[in-house]
There are 2 protein chains.
Amino acid sequence: MGKGVRRRELIVAALQQGTVASQAEVCALLESHGVEATQATVSRDLRELGAIKSADGYRLIGQASNGSAGLYSNSEKSMRQALETFLVSAEVAGNLLVLKTGPGQAQVVAVEFDRHPQPQVVGVIAGDDTIFLALKNEKCANAMRDRVIDLAGLSRSGGGS
Amino acid sequence: MGKGVRRRELIVAALQQGTVASQAEVCALLESHGVEATQATVSRDLRELGAIKSADGYRLIGQASNGSAGLYSNSEKSMRQALETFLVSAEVAGNLLVLKTGPGQAQVVAVEFDRHPQPQVVGVIAGDDTIFLALKNEKCANAMRDRVIDLAGLSRSGGGS
DNA sequence: CGACGAAATGTATGTTTATTCAACACATGA
DNA sequence: TCATGTGTTGAATAAACATACATTTCGTCG
């Protein structure tokens with residue numbers, strides 16, 4: 001687990017610093033920092049990080065306007081804490097991610113999503129013990145579920161049914 | 001010089017409308033509008049237009065708004081007023097249309113949708129500042145977003161974060 | 001410990017995008 | 001007219017990217 005985090009931190013740092021033209025370039029950069037990874041892994045990382053590619057190269061969404069982007073920035077601490085404390089389950093339904101918390105705790109968690117907006121999250125609605133997250137598509141929803149479960153420290157097996 | 005203008009207009013329109021996943025898809029779209037072009041040409045056009053590609057597909061940065069007049073029945077007057085007053089943004093996610101309002105205003109707007117039911121709207125749920133509209137499909141969702149934005153008098157810029 | 005399951009990653013390969021190069025269209029000027 | 005230059009495009013191809021599947025890693029439980 002920890003190994004991948006370091007790699008993504010490096011990727012985020014690289015993208016924030018200057019533009020990177022290709023995934024191969026990212027691989028080289030990583031290697032120069034002592035982290036080995038193949039293009040395939042970088043491809044997956046970039047998708048997870050919500051990177052976009054323009055004619056200039058890769059960027060993180062909101063990079064220009066918002067200095068603190070990136071999935072693993074320290075601003076995520078409160079998010080993690082909220083999920084660790086309150087999240088009971090996370091399940092995908094189409095492009096919706098449905099989060100369950102203990103009674104009366106949904107708002108607390110939802111506020112974290114409001115506070116740390118992410119591009120692939122289109123909207124959030126919270127009831128008493130349930131949160132609906134509208135994601136851009138089903139893929140995003142699955143990715144977000146995995147991340148949320150990871151942050152909460154839940155096992156990914158349990159799930160539903 | 002000027003021949004490709006029509007083609008690029010079509011591409012811009014397509015990108016503003018909804019997500020396009022690949023350049024091949026753009027080619028197909030163009031052909032359906034009677035314009036022939038190969039993937040190579042589309043690749044050049046997209047670079048020229050400053051398009052970016054994310055996991056979701058192609059987008060334009062700095063999208064310009066495109067005014068379009070509408071015909072709206074009298075019964076939609078209160079709807080229009082509510083949207084004009086309260087709507088902040090509207091974004092599609094799958095077959096969902098996610099509307100954002102100011103704090104505490106979502107219910108007011110949602111009530112309008114309840115009051116003026118439309119066949120393509122399958123369901124409505126509202127939180128504090130967010131409304132989820134479930135549409136029959138993604139196409140309906142896009143159409144409804146355009147309509148709502150138009151009624152509210154918003155430009156169709158944003159997208160991004 | 002060994003077996004198992006989940007997650008992460010690499011390899012190989014398929015898919016998508018960018019570029020090279022030749023052909024064509026159109027304008028200009030001798 | 002013909003030669004020449006400029007710009008656009010398609011076909012072929014190279015480069016870049018994504019993904020299916022196999023492998024490794026790591027934690028957990030007997």
Side-chain angles (χ1 to χ4, degrees), chain A residues 1-11 14-15 19-31 33-60 71-72 89-92 120 136-140 142-161, chain B residues 1-11 14-15 19-31 33-60:
Chain A
M1 172 184 61
K3 197 168 147 217
V5 171
R6 160 110 179 111
R7 190 184 59 242
R8 288 177 192 183
E9 280 172 357
L10 283 171
I11 292 176
L15 295 200
T19 47
V20 182
S22 72
Q23 299 183 356
E25 208 168 301
V26 175
C27 292
L29 254 160
L30 289 175
E31 191 161 3
H33 285 262
V35 175
E36 304 263 322
T38 61
Q39 171 263 322
T41 297
V42 171
S43 171
R44 289 184 274 247
D45 283 343
L46 287 173
R47 180 176 48 199
E48 287 299 306
L49 293 168
I52 59 175
K53 190 185 187 187
S54 69
D56 296 333
Y58 286 97
R59 312 195 75 91
L60 293 177
L71 182 48
Y72 289 89
S89 72
E91 205 170 349
V92 169
Q120 65 269 40
K136 297 222 169 203
N137 53 53
E138 186 159 4
K139 249 181 206 169
C140 287
N142 278 302
M144 180 60 80
R145 179 202 53 198
D146 292 350
R147 263 165 55 202
V148 157
I149 284 177
D150 199 57
L151 281 170
L154 294 177
S155 112
R156 204 175 307 183
S157 60
S161 83
Chain B
M1 257 227 242
K3 185 165 166 246
V5 172
R6 160 113 180 107
R7 189 185 58 242
R8 290 180 192 186
E9 281 173 357
L10 283 171
I11 293 176
L15 295 201
T19 319
V20 182
S22 72
Q23 299 181 358
E25 208 169 300
V26 175
C27 292
L29 255 160
L30 288 174
E31 190 162 4
H33 285 262
V35 174
E36 304 263 323
T38 60
Q39 171 264 322
T41 297
V42 170
S43 171
R44 287 184 277 248
D45 283 344
L46 286 173
R47 178 175 44 198
E48 201 71 16
L49 293 168
I52 58 174
K53 191 184 187 189
S54 67
D56 297 328
Y58 285 97
R59 306 282 296 264
L60 293 178

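Worth knowing before you read on, the calculation uses all heavy atoms, side chains too, and leaves out hydrogens, waters and symmetry mates.
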(request) May I ask you to test the A:T41-A:R7 pair for a side-chain heavy-atom distance under 4.5 Å? (result) yes

(request) Describe, as an angle rounded to 10 degrees, how the axis at the first end of the helix from C:dC1-D:dG30 to C:dA30-D:dT1 is tilted relative to the axis at the last end, five pairs per end. (result) 10°

(message) Could you tell me how far apart A:I11 (CD1) and C:dT9 (C1') are, to the nearest whole angstrom?
(response) 13 Å

(message) Any heavy-atom pair between the side chains of A:D45 and A:V26 that's under 4.5 Å?
(response) no

(message) Within this structure, what is the CD-NZ distance for the pair A:Q23 and A:K53, rounded to the nearest 0.5 Å?
(response) 7.5 Å

(request) Please list, chain by chain and in numerical order, all residues satisfying side chain to side chain contact (heavy atoms under 4.5 Å, CB included) with A:S54, sequence neighbours excluded. (result) A:D56, B:I52

(message) Just the rounded figure in Å: distance from P of D:dT9 to CD of B:E48.
(response) 10 Å

(request) Kindly give the heavy-atom pair with the smallest separation between B:A21 and B:Y58, and that separation in Å. (result) O-CE1, 4.1 Å

(request) Could you tell me whether the side chain of B:L29 reaches within less than 4.5 Å of the side chain of B:L10, counting heavy atoms only? (result) no

(message) What I'd like to find out is whether the side chain of A:V20 reaches to under 4.5 Å of the side chain of A:I11, using heavy atoms alone.
(response) no

Please write out the pairs of protein N or O atoms and N or O atoms of nucleotides 18-20 of chain C separated by less than 3.5 Å, giving the distance to one decimal.
| residue | atom | partner | partner atom | Å |
| --- | --- | --- | --- | --- |
| C:dA18 | OP2 | B:Q23 | NE2 | 2.7 |
| C:dA18 | OP2 | B:S43 | OG | 2.8 |
| C:dA18 | N7 | B:Q39 | NE2 | 2.9 |
| C:dA18 | N6 | B:Q39 | OE1 | 2.9 |
| C:dT19 | OP2 | B:R47 | NH1 | 2.4 |
| C:dT20 | O4 | B:R44 | NH1 | 3.3 |

(request) Take atom CD of A:E36 and atom P of D:dT25, then tell me their distance rounded to the nearest Å. (result) 14 Å

(message) Nearest 0.5 Å, please: how far is CD in A:Q39 from CD in A:E25?
(response) 13.5 Å

